[in-house]
Asker: 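Have a look at this one.
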Amino acid sequence: MNGTSGPGLLLRWTLAAALSVATAPGFAQQVLEPVEQPRMDHYEEPVQAQLTTAQGALEDLLEAAEQDVTGLTRAFGHLGQLYLLHDFMAPAAAALRNAETLDPEDPRWPYFLAIYHIFEGHLEEAVAALDRVLDLTPGDLAARIRRGDTLFDLDRVDDAEAEYRRILSLNPNHSAAHFGLGRVEFQRGGLQSAIERFRTALRGQPEGSVVHHHVGLALRRLGRREEAADELNRNENVRVAFPDPLFASLQRLNVSREAYFKRGTQAMRRGDLQEALLAFQGADEALPNDSITLFNLGMVLIELGDKARAEERMRSAIEFDQDYREPHFNLALILAERNDLRGAEHHFRRATEIDPEDLEARVRLAEVLSRLDSLNEAIELLEEVLAIDQALPMAQLALGAAHQMAGDRQAARTALLNVLEAAPGAPRERAEAHYRLAVLADSGLPGSAPTETTETIGSPSGPGENDPEVHLQQAIDLDHDFAEAHALLGRVLARREQYGEAASHFGRALARDPANARWHGDRAMALVLGKRYQAARGALVSGRSALASAGATPTEALDHLDTLLARLLAASPLPGTRNGVEALAIAQRLMAERPTIQHAETLAMALAEIGDFERAVSMQRQVLAEVTRRGDKPTAGQEQRLRAYLNNEPAREPWFSP
């Protein structure tokens, strides 16, 4: 409810002389109360329009030649609800009493009157109104819980207990009733039984954090002070909710910015993003150009994955409040993700200017500076942050990454180990630190190539003193969905000729990022090297389809998968996997679009598979000639394939053999 009731004039239809209405045949004439018309000019335009429309509808009914009792009931009730919503308490009560007078069989009107009395502190009147509700609808649990709570507040503890127990007889899992009984037990000194009731309430509604406060008070009285402190700290002042359809319908009438905003934040809290989006859009319509509303709209759109519209809302929020830190920070995150590093740098800097003590913004700025190769500035900034908070995990992690990019392996390793020592409660940072330590260890092993090309996936290497596999397993233990860790572990295992496990980890990486062309190629090569040719063929076909569906995949990435598939179809040792005609079609297309040595070799393999050895020999000779012309020496594999074609033998190694 919003605002305050201001001094008002009587409505033209406030009935200076009492209005008499016959409610139904056989009933006496009923006298209705005058209803004040409050001032509304301090409310937002949508609220004023809503109230004016409701007032006009009632006025029309009152001035009609024939009385419409049903219409009058609805109009008084509707206007009373609106006044109640916006804290015009006296006129709300008058309108609701008129509605109940006109239709005493409708439980809505005494229920809303009970809410009015509770807000005004008229507790005895509230109980009386709730009694009228329950006479009409005995199974209304919302009315019963309100009645129990009001009786408790009146210190009628026995009556409150009876009401709570009646509720539990109808619904044994009613958290608010368990909470109420806990309060009853606490007041009577039954501290342990109160705690048990409170914990039952929490099991049914863990988000009702105010219960932790009551548990803490009980524990403190029992002398269990450490447990009490822990419970008291968990109180976030979220009340124990209960299903309340009539009150929910009342709240839905509210078209103010505050009401929409509250609905949006509540929807966000329970994870209902579409409802949150609609609510914040309503708040924006009720009060346009409000930077806080625009920011929250942007945050919902980020959660929904609509980064483009989120960026628009963040920019609008900044336009209307240039010193609002949150939209600057979150806009910078969006820009950094899409690689607009200069834009991200600008907005992270603004966030740090607005709040110089914002260490997170300074760390994020340093991360962007590292990506911009401003490594000295990034390292200096991170060292300043760590001078303020030496154990800040994200700063140590960013410092390790910056040293790693600068080529200072020892400094990088020191910073990353500091993350592991200082961040037992930061699993994301620990996982990232293990991953980066694995990268450092892997790049120092024999046989690991800096470019990590697919061709080197099978190069053997043994575990060193700092085994990357150990770090990667620890990273995955901390974050089972860490795609990059799975992919790097796949490459490490493949170099150790553990091809089945390698393929499995590439598959888990692809589950998180199905549009990663490199991982599709790595997985297929692991399957080929593990002699699982049929599975490799399926992986290449599905990978090609996934990349085509994703769109915007680089041509080279698609070429690589097509080349692997064509070579597998042409040269697989497993007959059921081969298909020379299909291999030839792929190879000819690749060669026509981009004639390269690699594509020419693939075409020669396909020609040999369909038995056209003459053309296969010709193509392979051209390959060797081009390699020589470029000043290189043909590999043993290239020469061996030429000898096979001269002997009318197809290739039977579908990988890039040296």
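Index from 1, following the sequence.
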Asker: Side-chain contact, heavy-atom cut-off 4.5 Å: S618 with Q622?
Answerer: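 The answer is yes, as the side chains (C-beta and beyond) meet within the 4.5 Å cut-off.
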Asker: If you measure from the Lys or Arg side-chain nitrogens to the Asp or Glu carboxylate oxygens, is any gap between R578 and E609 under 4.0 Å?
Answerer: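 E609 and R578: salt-bridged.
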Asker: Write down the atom of L603, the atom of L584, and the distance for their closest heavy-atom approach.
Answerer: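 Shortest heavy-atom separation between L603 and L584 comes out as CD1-CD1, 3.6 Å.
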Asker: Determine, stepwise, if the pair E337 / I334 fulfils side chain to side chain contact (heavy atoms under 4.5 Å, CB included).
Answerer: CA-CA 5 Å; E337 184 178 323; I334 294 171; 5.8 Å; no
Asker: I'd like to know if E345 and R349 make a salt bridge, using a cut-off of under 4.0 Å between side-chain N and carboxylate O.
Answerer: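 Judged by the 4.0 Å cut-off on N to carboxylate O distance, E345 and R349 do form a salt bridge.
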Asker: Before giving the answer on side chain to side chain contact (heavy atoms under 4.5 Å, CB included), spell out for R413 and L417 the whole-Å C-alpha distance, their side-chain angles and the decisive distance to 0.1 Å.
Answerer: CA-CA 6 Å; R413 179 177 170 77; L417 289 173; 3.9 Å; yes
Asker: With heavy-atom distances below 4.5 Å as the criterion, would you say the side chains of N296 and M268 are in contact?
Answerer: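 No, their side chains stay 4.5 Å or more apart.
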Asker: Could you walk me through whether F482 and E432 pass the side chain to side chain contact (heavy atoms under 4.5 Å, CB included) test, one step at a time?
Answerer: CA-CA 9 Å; F482 196 159; E432 180 73 20; 3.4 Å; yes
Asker: Does this structure show an ion pair linking R350 with D323, if we count only N-O contacts that are shorter than 4.0 Å?
Answerer: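 Salt bridge flag = yes for D323 with R350.
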Asker: Kindly give the heavy-atom pair with the smallest separation between S370 and A378, and that separation in Å.
Answerer: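 Scanning both residues, the minimum pair turns out to be OG-CB, 3.4 Å.
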Asker: Should the pair E626-R630 be classified as a salt bridge under the 4.0 Å nitrogen-to-oxygen rule?
Answerer: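 A salt bridge links E626 with R630.
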Asker: Between the side chains of R309 and E312, is the shortest nitrogen-to-carboxylate-oxygen separation below 4.0 Å, so that they form an ion pair?
Answerer: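 No salt bridge links E312 with R309.
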Asker: Testing the basics here: between T293 and F280, what is the closest heavy-atom pair and its distance to 0.1 Å?
Answerer: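 Nearest pair, atom of T293 first, then F280: CG2-O, 3.5 Å.
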Asker: Taking the side chain as every heavy atom from C-beta outward, state whether V627 and K633 have any pair of such atoms under 4.5 Å apart.
Answerer: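 Not touching, per the 4.5 Å side-chain cut-off.
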Asker: Considering only heavy atoms from C-beta outward, does the side chain of E319 approach that of R315 to under 4.5 Å?
Answerer: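 A side-chain contact is absent here, since even the closest heavy-atom pair is not under 4.5 Å.
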Asker: Regarding R338 and D340, does a basic nitrogen lie under 4.0 Å from an acidic carboxylate oxygen?
Answerer: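 Salt bridge flag = yes for D340 with R338.
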Asker: Is the count of non-hydrogen atoms from other residues, nucleotides or ligands lying under 6.0 Å from Q322 atom CD greater than 12?
Answerer: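 No, the 6.0 Å shell around CD holds no more than 12 heavy atoms from other groups.
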Asker: Hey, are the side chains of Q638 and L642 touching, using non-hydrogen atoms and a 4.5 Å cut-off?
Answerer: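 They are not in contact (no side-chain heavy atoms under 4.5 Å apart), so the answer is no.
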Asker: Check this for me: does any side-chain nitrogen of one of R508 and D481 sit under 4.0 Å from a carboxylate oxygen of the other?
Answerer: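 No.
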Asker: Centre-to-centre under 6.0 Å for F295 and Y324, is that the case here?
Answerer: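 Yes, the ring centres sit under 6.0 Å apart.
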Asker: Nearest heavy-atom pair of I610 and V581: which atoms, and what distance?
Answerer: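 Looking at all heavy atoms of both residues, the shortest contact is CG2-N, 3.9 Å.
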Asker: Passes side chain to side chain contact (heavy atoms under 4.5 Å, CB included), R518 versus R523? Steps please.
Answerer: CA-CA 9 Å; R518 178 182 177 187; R523 179 170 179 246; over 6 Å; no
Asker: With a 4.0 Å cut-off, would you call R496 and D467 a salt bridge?
Answerer: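 So R496 pairs with D467 through a salt bridge.
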Asker: With the threshold set at 4.0 Å, does a side-chain nitrogen-carboxylate oxygen contact exist between D358 and R325?
Answerer: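 A salt bridge is present here (some side-chain N lies under 4.0 Å from a carboxylate O).
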